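One structure below.
The structure displayed is predicted, hence computed values, not measured ones. The figures that follow rest on heavy atoms only: side chains count, while hydrogens, waters and symmetry mates do not. All chains are named by letter (A, B, ...) in the order of the sequence lines, taking the proteins before the strands, and each is independently numbered beginning at 1.
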Amino acid sequence: MTAERFDPAIADTRWQRAWDEAQCFRADDNSPKPRSYVLEMFPYPSGRIHIGHVRNYTMGDVLARTKRMQGFEVLHPMGWDAFGMPAENAAMEKQVHPGSWTRENIANMKAQLKRLGFALDWSRELATCEPDYYGQEQALFLDLYAAGLVYRKESAVNWDPVDMTVLANEQVIDGRGWRSGALVEKRKLSQWFLKITQFADDLLDGLGELDKWPEKVRLMQENWIGKSQGLQFTFNILPSPSGEGPGVGSIQTSGISLSTDPTPTPPLKERGLSSFDVFTTRPDTLFGASFAAIAAEHPLAAAVARENPEAAAFIDECRRGGTTAAEMETAEKRGYDTGLQVAHPLDPSLTLPVYIANFVLMDYGTGAVFGCPAHDQRDLDFARKYGLPVLRVVADGDLTDPVFQGNEAYTGPGKLVNSRFLDGMEVPAAKAAVIARAEAERWGEGKTVWRLRDWGVSRQRYWGTPIPFIHCEICGVVPVPKKQLPVVLPEDVDFATPGNPLLRHPTWKHVDCPQCGKPATRETDTLDTFVDSSWYFLRFASQPADRPFDPAVLAKWLPVEQYIGGIEHAILHLLYARFWTRALKHIGQIDFAEPFASLFTQGMVTHETYFRTDAANGQPVYFSPDEVTRGSDSASLKSDGSPIEVGRVIKMSKSKKNVVDPDDIVAKYGADAVRWFMLSDSPPERDLPWSEAGIEGCARFVQRLWRLFAQFDAAATGADDVKLRRLTHQTVQGVSDDVAALQFNKAVARIYALANATEKASPSPDQQTAIRTLLLLVAPMMPHLAEEAWSMIGGTGLIAEAAWPPVDPALLVEDEVTIAVQVKGKLRDTLTVAKGTPRDELEALALASANVQRALDGAEVKKVIVVPDRLVNLVI
RNA sequence: GCGGAUGUGGCGGAAUGGUAGACGCCAGGGACUUAAAAUCCCUUGAUCCUUGAUCGUGCGGGUUCGAGUCCCGCCAUCCGCACCA
C-alpha cells in the first residue's frame, strides 16, 4: 500500500543507509568508463555546516549524480581543511585540545553532510591535520626545497606583542591585532618562503587558457600578479652649489638645525647614497620629467631626516597616515622638498628636485619615481600643488604646446613632442628607444616588475603542519631526512600562556642534527594552512601510504573537471593551488600544470534582516527568523506581537541574526526540499535569498511529485499523447544541457513544466513514460524521494545507479508551430500551422486574419517579412 | 580613481535580433470540508472608452521590417583592487 505522504524523516535515513551499504559512490581507479572529477572546496571544520556549504555541495552533488547516471566513473570526494587558528582559540578559551576539538567538529559536520544525502566517496575522506596527510605535505615541501623553490629569509611581519604571534595582514584591523586589540609591531623574523614569483609569468600566461574560469577570477588574479614592464634607471644626486659635495649637510632649506652633534655626518656619497634607482612604465615621457620623488621609508629619506628635523617630521606624518580605503582616497598628495637635485639621465645639464612624497610606496618598484605631470594624474596633482613645471611630451592630436594646461593628465596614445631624438615617434617606439639608449649608455635597463611577492608560509602556531627542518649550530639549516617523516606535532601542549606552544614545549624541539649528530633544535614554525589546501585535490585522487600520490593514478583523474566554491577564494587559494601544481610539474612529479579545468563560483545564501531601532541609543536590535512572524508585507515578534522592521536582504551572519541552521530546516522539511530550494529560482552564480515561503513551496512540490509517482502504472492504456512525448524528450535534453552548464534554476523550471503537463495529461502509456522520466530527472536533485519512488514503482536496484533517460532527436522538433503575425512590428495575431509551411501560404493566412485586416485598416502592404516557422510582419 | 558585474511584474527570475514576463513565490477568487489543514481549479505587468486598444525590460539617443537582446552616451546598485610609478 502506497503511503499518502512522502515522509522524509523515515525515507532520508533509509536511503542514506542503503547508499552506504551499497558503497555506490566509491570511485574506481580502474574503471573502463569515461571519468569525471567533481570537486567542491573542502570546508574548515568549524563545528557546524553553514547554509552556504549546503548550496555549494548541492550543486556539486547534482552534477556528480547526473554524470554517474550518464555513464561516467565519478570521483566526488570530501575532506577537511582541518588546521587553523579557530582550533587554537578554542583551546585557549575552552581548555580543549585543538585536535580533539577539530576531530569532534569533523564528526558532527560529517553527520550533517550525510543527512543531506550527498553522493560522496567517503572512503577517500582526509583531514589535513592528520599525520598521514601533513607528513606527505612535508615530503613535498622537502622536494620543493631540493629544487630550490623554498628558501628562508629575514622579513618584516605583523607581530602581536600580547598574543606573541605573527598575524596575517587580514588579521590586522586598523593597526591592531584582531584578537588581543594590541598595537601590531613590525618585526624582522626569519621566515620560510615559497618562490611563487619564479612562476609569475607562467601563472599569468596560464590564465589565458583557463577559458572555463569566470572572467572575473582571471582578472583578479591578473591584477594580483600585476606585471609591469618598463625601465629601471639611476638618478645621480648632484653636488650642492656650495661645493661641499653631495651631502645632507648642505641642505639649509629649513633654516633651522637642531643638530648639536659635534661629529659631522659623512656626506651621502660616502654612505653609498649618491644615487638612487627609479622604475617607470613610461620611459617615453622622460623629457617631461619635472621632479623625482622617494618614499618616506626610503633609505635616502632616512638619511635626509637625520640632519633635518622638518623632513623627519614629514616622514613621521606619512607614517601616521591611515591605511583604510576611505583615508587613502581622500589623502592629499603631499611632499617635502629635500633640496637635493638629480641629473636628468638624457641630459645631465637638466636637474630635477627630489621630494619625499606620501604617495610613493617603498614596497613597489624601487620606492622612488620620476614625475611627469603632463601624462600622469598623480604627478599632475603634485606638480600643481608645488608649482612645478608641467611639460607636454605626448601630442594629443594637434596639441603640441609644451605648456600643459588644465588639471587632467593626458595618458592616451600619440606622438612624442618636445623630446629631442624621440620627436615624432609613437609611444611604444619611444619607450623602446629610451630603453635601448639607457642600456647602451649603461644608466638603466628594461625591467619587469611584479606586484606578486614570494609566499611567506611560516606561522608561529601550534595547529599546523610542522616545517620539516632542523637548526644546527654547526651545519646550519638541515632538512629532516625523508625517512624521519612525518614530523608529528606533540600532543602535550600548553595553551595557558600566549605564544607558540611548540617553542615552549620542554622536549619536542630538541633533536640531534641529522648531519653531524650533535644536539640541535627543530623548526618550531608551522606552515600556512593555505599550503594544506594547495594539493588536497591530488591526494583525493590517489593516497598511497608511502608517498604523496601515485602519478599514474593522478593522470587518470586530474585535472578536476569541475571545481565549485566561493568567490572569496578567487585569489589566495586558487592562485596558491595553481602555483603548487605548476611547481610539482616543474620538478617532474606530475605532467599537468593547471589543477582545475573548469571553475564555478557560486553566490551566497542571503536572508532578510529583522530589527527594531533601540530608543535609547538609536542602534538596531536584530531578531532571528524564528523569533519573527512574517506577514506578506510586515513582520512582528512572536513573543508579544509587536511590529518590527524588515531590513535588507544580506548575507547570513550571526551579528545580524539572519541565519538559518541547515539541521533545523532539514529536520523540518527533509533533505530533498532543502536541496531543491538551493537549486531553484536564482541563477547559481548569484545570491540566493532564503525564504520560509520558498522552502514551503519546495516541500509542497516534493509531495506533489510523490503523488504523481504514486500514479505510475506500467499497464496503463490510452491514446498516444505525442505532445507529452515530445515535451518529455525535450525536457530530458534541456535538463541535461542545463545541468552540464550548471544552470540548475533553468533545469528546475523545466521539471516543473513537465510535471504540470504530465499531471494534466489524460492516462496513456506516454503519460507513464513521462512519470518515469520525471523520476529519473529529479533523482540527482531529490535523491531520497527518487529512491523511495523508484522502489515503489518496482525499479531495479538503486536509482542512483540507474541510467539517465535517452533522448530521441526526432522528438526534439515540433511538428506544429505558432507563428506571430505583426503589422508594422506590432503583434496582431498568432497562427498555428504545420512546421515548414511555405512563405506564400503564411502570408496568405496572415492577410486573412480579421485582426490583421482591422489593423491594416485598408492601408497598402508595402513589404512582407516572413521568417518561416517564426513570424510574418506586414509593413505598411 | 581603476576594473568587473548587474538593472525585466509585488518578489526570485525566463526569453539563438522574431509572440516580453516561462517556471516558482506572494496575493485574490472559487471547489472540496461541519470546520480547518492538505489538495484541486481560476485570476494575477499597468492603464483605458475592456469582443479590443495603448503603454511597458534603469534613463536618453541610434541601427533594424522588428531591440530586453546590437551600437553610442548617461544613471544607479553591488563586488574586487587601489597613491602599482
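- Between A/Val342 and A/Phe276 there is a side-chain heavy-atom pair separated by less than 4.5 Å.
- Taking the P atoms as reference points, B/G13 lies 26 Å from B/U39, given to the whole Å.
- Taking 90° from 0 as the syn/anti boundary, the base of B/U50 is oriented syn.
- Taking the ring centre of A/Trp706 as origin, the terminal cationic atom of A/Arg5 falls outside the region bounded by 6.0 Å and 45° from the ring axis.
- A/Asp687 and A/Thr606 share no donor-acceptor pair across their side chains, judged by distance under 3.5 Å alone.
- Classified by its glycosidic torsion, B/G13 falls in the anti category, the angle being over 90° from 0.
- Nucleotides B/U57 and B/U19 are separated by 15 Å at their C1' atoms, to the nearest Å.
- RNA chain B contains the following stems of three or more consecutive Watson-Crick or G-U pairs, with both distances under 3.5 Å: B:1-7 with B:75-81, B:10-12 with B:23-25, B:27-31 with B:39-43, B:45-48 with B:52-55, B:58-62 with B:70-74.
- Using a 4.0 Å heavy-atom criterion, one finds that A/Val360 contacts the bases of the nucleic acid, with or without backbone contacts as well.
- Nucleotides B/U63 and B/G17 place their C1' atoms 12 Å apart, quoted to the nearest Å.
- Residue A/Tyr752 places its side chain closer to B/G24 than to any other of B/G24, B/A85, B/A38.
- Salt-bridge check for A/Glu685 with A/Lys216: failed, with every basic side-chain N at 4.0 Å or more from each acidic carboxylate O.
- With no hydrogens or angles considered, a side-chain donor-acceptor pair links A/Thr234 and A/Asp277 at under 3.5 Å.
- A side-chain N or O of A/Glu608 and one of A/Tyr610 form a donor-acceptor pair less than 3.5 Å apart.
- Below 30°, between 30° and 60°, or above 60°: for A/Phe382 and A/Tyr386 the angle between ring planes is between 30° and 60°, a tilted geometry.
- Nearest to the side chain of A/Ala693, among B/C40, B/C81, B/C26, sits B/C26.
- Look at CG on A/Leu708: it is 11 Å from P on B/C40, rounded to the nearest Å.
- The gap from the C1' atom of B/C11 to that of B/G3 amounts to 31 Å, rounded to the nearest Å.
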Would you give a per-nucleotide map of nucleotides 3-20 of chain B, 5' to 3', where B means the base has a protein non-hydrogen atom under 4.0 Å away, S means only the sugar-phosphate does, and - means neither? SS--S----BSSSB-BB-
Quick one, give me the B/S/- string for nucleotides 44-49 of chain B, reading 5' to 3', where B means a protein heavy atom under 4.0 Å from the base and S means that only happens at the primed atoms, P, OP1 or OP2. ------
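- Here A/Asp376 does not pair with A/Arg282 in a salt bridge; the nearest charged N to carboxylate O distance is not below 4.0 Å.
- Between B/G52 and B/G60, the two P atoms lie 31 Å apart (nearest whole Å).
- Scanning atom types as modelled, no donor and acceptor separated by under 3.5 angstrom connect the side chain of A/Lys863 and the base of B/C65.
- For the atom pair CD of A/Gln229 and OG1 of A/Thr280, the computed distance is 13.0 Å after rounding to the nearest 0.5 Å.
- Straight-line distance from the CZ atom of A/Phe291 to the C1' atom of B/C83: 12 Å, rounded to whole Å.
- Take the nearest nucleotide of RNA chain B for A/Trp224 and for A/Gly367: the residue whose nucleotide is more 5' is A/Trp224.
- Side-chain contact of A/Glu814 with A/Gln730: a donor-acceptor pair under 3.5 Å is present, judged by distance alone.
- The distance between the ring centers of A/Trp455 and A/Phe530 does not fall below 6.0 angstrom.
- Between the side chains of A/Gln221 and A/Arg578, at least one donor N or O sits under 3.5 Å from an acceptor N or O.
- Nucleotides B/A82 and B/G12 place their P atoms 32 Å apart, quoted to the nearest Å.
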